[in-house]
Amino acid sequence: MKFYTGSYTEHVGGDLAGNGVGIQCFNLDDESGEITPLTSSETINPGYLCINQSKQLLYSFQERLKTKLPLLLCFNIAGKEPKLLSTQVITGGLPCHILYIKEHNCIVVSCYETGNFLSYDLGENGIPQSNPQNITYGGNSINKERQEGPHAHMAHFDSKHKQLLLADLGCDKVYCLKMENKLFKQVNSVDIPKGGGPRHMVQHPNGEYLFVNNEMTAEISLLKWESNQWKWIKNVSAISTPHLNHASASAIKISKCGAYLYVGLRSSNSISTLKFDTENETLLLVEETGTRGITPRDFELSPDGKALIVGNQDSESIVCFGIDVHKGTLNYRSQINGIASVCCVKFE
């Protein structure tokens, strides 16, 4: 199985920096769990990646401040090495997430610094078109250092209810939009408990539950589809002990069966496994597993659901864990060292 990583290659902003290569491709042996490097492509700060339905094109961006004119990037990955097909300047700063939506043939970029989301139509050849829809919001929340204004962090497409869901860390909100006349228009918004900082989210396979990972509290907000809209139900902690008010949750993923959630914790260099019971709507912590490295910024589950690959951003390692599909627990299988500043993992 092939997977790609993005890595920070220069200073991003604040205390965030890296000395990685850019975009790299690896093979994961599904029998042994061994990770083998395949290709490397020098690219400035490709902070997040997504791949189109045909697995021919990879989209990314330069995670840079607005003053540095970050670029949107499109690569052909059908050959032996990625080939850059197009670039264009992003009208925003510090893009941090990118989503491909096959239903609307578009990609959505979330810009953390400027707080806006950009929706780019794709041409027949899959190349992002110019003049994207610029989706903007105002507001703030209670953490004056991190939530002084809107901070776009992720877009997720709810294919069951045909809604684009946007996580705003700065305003503690999830915005819900629908496509009307070729533009996304807001139909609702969900308030997340103040000070949480919604970062990433995943949807249950049945489509009726949404799990929002709050970066600053390491709590998961459980949302449920009720009365034709998303509603907040409750928050559940993803950690067994408080992280001294410095919790730093990163990625969140869900098993193919929907029974297990995985949450990255940079504040403890671990991944929490939680079990979700749809009948009782309970979310229980099963275990906390060390990632054998420092700063697990991102991880991904393999397409067969039997492996978890985590990139340890500040210890130059990628680690493979096996997944017990019956218990949801993780077991160490292998790792590869010398892979610097990994910030994104994406299976082909």
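Atom set for the values below is all heavy atoms of this structure, side chains included, hydrogens, waters and symmetry mates excluded. What you see is a predicted model, and the numbers here were worked out from it, not measured in a lab. Numbers here are sequence positions counted from 1.
Under the side-chain hydrogen bond (donor to acceptor under 3.5 Å, both in side chains) criterion, Gln229 pairs with Asn188, sequence neighbours left out. Partners of Gln56 according to the side-chain hydrogen bond (donor to acceptor under 3.5 Å, both in side chains) rule, which considers only residues two or more places apart in sequence or in another chain, do not exist here. The salt bridge (charged side-chain N to carboxylate O under 4.0 Å, His left out) search around Glu287 returns none, not counting sequence neighbours. With sequence neighbours excluded, the residues forming a side-chain hydrogen bond (donor to acceptor under 3.5 Å, both in side chains) with Thr9 are Asn45, listed by chain and number. By the salt bridge (charged side-chain N to carboxylate O under 4.0 Å, His left out) test, Glu148 is found to be paired with no residue, residues two or more places apart in sequence or in another chain being considered. When the salt bridge (charged side-chain N to carboxylate O under 4.0 Å, His left out) test is applied to Glu113, no partner is found at least two apart in sequence or on another chain.
The CD atom of Gln53 sits 4.5 Å away from the NZ atom of Lys102 when rounded to the nearest 0.5 Å. Here the CG atom belonging to Leu118 is positioned 9.5 Å from the CD atom belonging to Gln133, to the nearest 0.5 angstrom. Atoms CG and SG, on Asn125 and Cys74 in that order, are 8.0 Å from each other to the nearest 0.5 Å. Between the CD1 atom in Ile135 and the NZ atom in Lys185 there is a gap of 12.0 Å [rounded to 0.5 Å]. Distance check: Ile220 CD1 to Ile252 CD1 gives 4.5 Å after rounding to the nearest 0.5 Å. How far CG of Leu72 is from OG of Ser130: 11.5 Å, rounded to the nearest 0.5 Å.
Looking only at side-chain heavy atoms (C-beta outward), Leu165 and Trp230 come within less than 4.5 Å of each other. Side chains of Ser302 and Leu308 form no contact here, defined as non-hydrogen atoms less than 4.5 Å apart. Side-chain contact between Ile339 and Ser7 is absent, with no heavy-atom pair separated by less than 4.5 Å. Side-chain atoms of Thr114 and Leu94, non-hydrogen and from C-beta on, never get closer than 4.5 Å to each other. Annotation: side chain of Arg64 is in contact with side chain of Glu10 (closest heavy-atom distance under 4.5 Å). Between Pro46 and Gln62 the shortest side-chain heavy-atom distance does not fall below 4.5 Å. Put simply, the side chain of Phe61 reaches to within 4.5 Å of the side chain of Ile90, judged on heavy atoms. Residues Leu330 and Ile323 are in side-chain contact: their nearest non-hydrogen atoms beyond the backbone lie under 4.5 Å apart.
Considering all non-hydrogen atoms of both residues, Ile239 and Glu288 come closest at CA-OE2, 3.7 Å. Taking both residues in full, the closest heavy atoms of Ala249 and Ala218 are given as CB-CA, 4.1 Å, listed atom of the first, atom of the second, then distance. In terms of heavy atoms, Gly18 sits closest to Ser341 at CA-OG, 3.3 Å. The heavy-atom pair separating Leu265 from Val263 by the smallest distance is CD2-O, 3.3 Å. Across Lys80 and Thr39, no two heavy atoms sit closer than the pair O-CG2, 3.2 Å. Ser267 and Ser248 make their closest contact through OG-N, 3.1 Å (heavy atoms, listed as atom of the first residue, atom of the second, distance).
By the 6.0 Å and 45° rule, Arg333 does not stack over the aromatic ring of Phe321.
Note: the hydrophobic cluster containing Leu223 does not contain Leu99 (ILVMFWY, side chain heavy atoms under 4.5 Å, direct or indirect links). Residues Leu285 and Ile254 share a single hydrophobic cluster, defined by chaining ILVMFWY side chains whose heavy atoms lie under 4.5 Å apart. Tracing side-chain contacts under 4.5 Å through hydrophobic residues (I, L, V, M, F, W, Y), one reaches Leu210 starting from Val190; they form part of the same cluster. Note on Trp232: it does not cluster hydrophobically with Leu222, by side-chain heavy-atom contacts below 4.5 Å among ILVMFWY residues. If you chain together hydrophobic residues whose side chains sit under 4.5 Å apart, Tyr48 and Val345 never meet in one group.
Annotation for Leu73: hydrophobic cluster partners, listed by chain and number, are Tyr4, Ile23, Leu49, Ile51, Leu58, Leu69, Leu71, Phe75, Ile77, Leu84, Val89 (ILVMFWY side-chain heavy atoms under 4.5 Å, direct or chained).
Residue-environment remark: NZ (Lys194) exceeds the threshold of 12 foreign heavy atoms within 6.0 Å. Other residues, nucleotides and ligands contribute over 12 non-hydrogen atoms within 6.0 Å of the CD atom of Glu226.
Donor-acceptor pairing under 3.5 Å is lacking for the side chains of Asn134 and Thr91. With no hydrogens or angles considered, no side-chain donor-acceptor pair links Asn280 and Thr282 at under 3.5 Å.
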Side chain to side chain donor-acceptor pair (under 3.5 Å) between Thr43 and Ser41, intermediate numbers included: CA-CA 6 Å; Thr43 310; Ser41 303; 5.6 Å; no
Residue pair Val212, Val174: steps toward the side-chain contact (heavy atoms from CB on, under 4.5 Å) verdict: CA-CA 9 Å; Val212 181; Val174 173; 4.2 Å; yes
From CA spacing to verdict: side chain to side chain donor-acceptor pair (under 3.5 Å), Ser141, Asp172: CA-CA 7 Å; Ser141 193; Asp172 286 320; 2.5 Å; yes
Side chain to side chain donor-acceptor pair (under 3.5 Å) assessment of Glu63 paired with Tyr8: CA-CA 8 Å; Glu63 190 165 340; Tyr8 292 134; 3.0 Å; yes
Asn312/Thr291 under side chain to side chain donor-acceptor pair (under 3.5 Å): CA gap, chis, key distance, verdict: CA-CA 7 Å; Asn312 289 307; Thr291 63; 2.8 Å; yes
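No donor-acceptor distance shorter than 3.5 angstrom exists from the side chain of His161 to the backbone of Leu164, with no hydrogens or angles considered.
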Can you list, pair by pair, the side-chain donor-acceptor contacts under 3.5 Å of residues 24-31, counting residues two or more places apart and other chains?
{"residue": "Gln24", "atom": "NE2", "partner": "Ser40", "partner atom": "OG", "Å": "3.3"}
{"residue": "Asn27", "atom": "OD1", "partner": "Met1", "partner atom": "N", "Å": "3.3"}
{"residue": "Asp29", "atom": "OD1", "partner": "Glu31", "partner atom": "N", "Å": "2.8"}
{"residue": "Asp29", "atom": "OD1", "partner": "Ser32", "partner atom": "N", "Å": "3.0"}

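Between Phe157 and His104, the ring center distance clears the sub-6.0 Å criterion. Checked against the 6.0 Å centroid threshold, His153 and His200 count as a close aromatic pair.
Classification of the Phe276-Tyr209 ring pair by plane angle, with boundaries at 30° and 60°, yields perpendicular.
Sorted by first and then second residue, the ring pair (Phe, Tyr, Trp, His ring centres under 6.0 Å) pairs involving residues 124-149 (not counting sequence neighbours) are Tyr137-Tyr175. Applying the salt bridge (charged side-chain N to carboxylate O under 4.0 Å, His left out) test to every pair with at least one member in residues 313-328, sequence neighbours left out, gives no pairs at all. Counting only residues at least two apart or on different chains, the salt bridge (charged side-chain N to carboxylate O under 4.0 Å, His left out) pairs with a member in residues 258-281 are Glu215-Arg266, Lys224-Glu281. Annotation: salt bridge (charged side-chain N to carboxylate O under 4.0 Å, His left out) contacts involving residues 151-168, sequence neighbours excluded, comprise Lys160-Glu208.
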